Amino acid sequence: MYIPADKKKSKSFEGYTLIVPAVSVGNVGQLASDLLISTMWLERCGFIYHDSILPLVGNDPYAHPEADVCKLVTACEVYESKLHQLVIIQQRAPFVKGKMSSFRRWLTGWVKENKFEKLVILSSMHAHERLDIQLQGPQFRYISTPDLEAENKERFTHDVLKWIPLEGRPSLEDPEGSLYLPGGGIAKSLFEDCSKENIPAIVVLVFCAEGDNAQDAVKLAYNLNLWMDLIDFKPKYDLDGKTIIKPASTWRVPSSWRLLFGTAVDQTLFH
Amino acid sequence: MATFFGEILPVISRAVDDDDDDESFENLETYVKIKWKKEAQEEMELTKDKKLQVNAFVLAVGPAATGFTQTYVTHKNYEIIGAMFCGMKEDDVNTFGQMSPTDKTCYIYRKCDYPSALVCECNYDIRPEYAHSFVNQLMSCLNLCEGHVVIFGSTFTSEYKSDVPTSDMNPPFMRALKTASFLGTPMAPYLEQPNVATGLPAQMLTYCHIHKLNAVLYMCYTDSIHLDFATLKTFQPLIESTPVKYMREENKKASETLKKIVDLHTKHSTLYM
């Protein structure tokens, strides 16, 4: 269930793009969402309160490291950018086992109800499941629904992007190769649901192994930004045509990314 | 995956489990049951929205938090008006008195001379899968629009991430989180990023946050497996917190009660016999 943060401001997201991270290997989708939200200084516009997501609360993940205020963050939240006609969902806790499909049903319903223009799914795939042809070269792939593919064919193949569609996995039943996304979480099933429901959708993903996946997230966010042109590293005018939006100098890493490897170890252990 | 030495190992991911089948293994909604006393039920029927009017609500989760509320709040002048049942199995040993460490009980108490003050004492950890249903069922019976909610919980310092090594942390210590509607300052420092709270306390705070209720979560970080005095003492300053200060009951025998509670949880331990 979507609950707007401010009931008075609630409106439809007609024509907006929705970015959803899949809880996938290395949490790359979620990390990339974090980078986008943090670098664009997006505003939280609501919460997703659904029984399929495990509970979690914490303090503001994008806060200044020295800040001493409490701005509560919950398991699944929605961020909005009017300028870019963009909505980003951030999911911070895993699904309850066996409840993924009910979330998918709700999400596709919500996308239709709000008339989102397209759905972008951020995901990742186990690096050890790569085919031989995938071992070398760019580790970024995409899969898109035919309508979105037709619309963006030129951009995807353009020299700036040079995006490679995810290679299918041939099997006995399907020698042509079918969509195979091990470790991609909800991405595959959500993408298939979207195809069935005629929602234009695209999955963007990187191959990765688990560890410190910050660089994989940057790779994913960087490639997405090349296509969607969300974050300008050059100055640009706001919607009113007067105020200049300061360019971002670099990706802004959220303070919640600290202590990835846990608490510092007592150094006396090594004496 | 093949390792450097050619050994084939299964890959375990912290983020995903590809075996996650789409079939629900149990119905989470029916797994949590709430029962009200007849009087409370009748009272609910009489109100417009079929909910109990509550101004002060305390949710204590886990043995440390319930030990604290049992000693300083609900030890007298409180009556049980309801109970919640969740995750009980047929072979669980249960005395229903919260007087055995194996008891899995969750009672809702009401202050006799302040009927809009409720305390929910849940002396065991509810599995996080059930937290959503638990909170929804409980809150569907309470009208807390004007009220204050406080949630007490405890967890281990091993869950706490910090620049300081665990050995220098001086546990037990208290951390707090609050909803945007709570305008005061909690009586403990805020929980620092990247730490998070999970489970039932997190679900309750989430519910309060999105429904714009005043709520504070106090989370005690302890390093002892069994309940001990130090952990219970960490909660003690919180008897001055809103709304506990309006609900507490003077307990002259507080230290005796505390001792009884600590004994209850430690005497079965055979580790240092």
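Each chain gets a letter, A, B and so on, in the order its sequence line appears, and its residues count up from 1. Keep in mind that this is a model prediction, so the values were computed, not measured. Every heavy atom of this structure was used, including side-chain atoms; hydrogens, water molecules and symmetry mates were not.
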For a side chain to side chain contact (heavy atoms under 4.5 Å, CB included) with Ser167(B), tell me which candidate from Val265(A), Thr268(A), Asp266(A) qualifies.
-> Asp266(A)
Crowded around Glu146(B) CD? As in, over 12 foreign heavy atoms under 6.0 Å?
-> no
The interface call for Met169(B) against chain A, heavy-atom contacts under 4.5 Å, is side chain
Could you walk me through whether Thr198(B) and Leu54(A) pass the side chain to side chain contact (heavy atoms under 4.5 Å, CB included) test, one step at a time?
-> CA-CA 8 Å; Thr198(B) 54; Leu54(A) 290 172; over 6 Å; no
Per-residue contact mode, Tyr160(B) against chain A (heavy atom under 4.5 angstrom) | backbone
When rounded to the nearest 0.5 Å, the distance separating NE2 of His128(A) from CG of Leu9(B) is 10.5 Å
Under 4.5 Å from any heavy atom of chain A - which part of Asp163(B) = both
Verify, without hydrogens or angle tests, whether Arg14(B) (side chain) and Gly26(A) (backbone) share a donor-acceptor contact under 3.5 angstrom.
-> yes
Without swapping roles, check the side chain of Lys212(B) against the backbone of Ala5(A) for a donor-acceptor pair under 3.5 Å.
-> yes
Interchain contact, Ile3(A) with chain B, by part (heavy-atom threshold 4.5 Å) = side chain
Under 4.5 Å from any heavy atom of chain B - which part of Pro94(A) = neither
Distance-only side-chain donor-acceptor flag, Ser13(B) / Glu210(A), under 3.5 Å | yes
For Phe270(A), look at atom CZ and say whether over 12 heavy atoms of other residues, nucleotides or ligands are found less than 6.0 Å away.
-> yes
Rounded to the nearest 0.5 Å, what separation is found between the NZ atom of Lys161(B) and the OG atom of Ser256(A)?
-> 10.0 Å
Could you go through the side chain to side chain contact (heavy atoms under 4.5 Å, CB included) check for Tyr49(A) and Gln203(B) one step at a time?
-> CA-CA 10 Å; Tyr49(A) 185 68; Gln203(B) 188 72 48; 3.2 Å; yes
Residue, of Thr206(B), Leu191(B), Ile210(B), that accumulates the most heavy atom pairs under 4.5 Å with chain A | Ile210(B)
Look at atom CD of Gln215(A) and say whether more than 12 heavy atoms of other residues, nucleotides or ligands are closer to it than 6.0 Å.
-> no
Okay, Val73(A) and chain B: the region with an atom under 4.5 Å from a heavy atom over there is neither
Can you see which heavy atom on Arg44(A) is nearest to which on His209(B), and at what distance?
-> NH2-NE2, 3.6 Å
Proximity breakdown for Ala131(B) and chain A, heavy-atom pairs closer than 4.5 Å | side chain
Could you give me the CA-CA distance, side-chain angles and deciding distance for Leu72(A) and Leu205(B), then say whether side chain to side chain contact (heavy atoms under 4.5 Å, CB included) is met?
-> CA-CA 9 Å; Leu72(A) 199 69; Leu205(B) 198 64; 3.6 Å; yes
Verify, without hydrogens or angle tests, whether Gln193(B) (side chain) and Arg258(A) (backbone) share a donor-acceptor contact under 3.5 angstrom.
-> no
Are there more than 12 heavy atoms of other residues, nucleotides or ligands under 6.0 Å from atom CD1 of Ile225(B)?
-> no
For the pair Ser24(A) (side chain) and Ala15(B) (backbone), establish whether a donor and an acceptor sit closer than 3.5 Å, ignoring hydrogens and angles.
-> no
Return the minimal non-hydrogen interatomic distance between Gly199(B) and Pro55(A), and the atom names on each side.
-> O-CG, 3.4 Å
So, Thr263(A) side chain and Ser162(B) main chain: donor-acceptor pair closer than 3.5 Å or not?
-> yes
Measuring from Glu129(B):CD to Lys99(A):NZ, what's the distance to the nearest 0.5 Å?
-> 10.5 Å
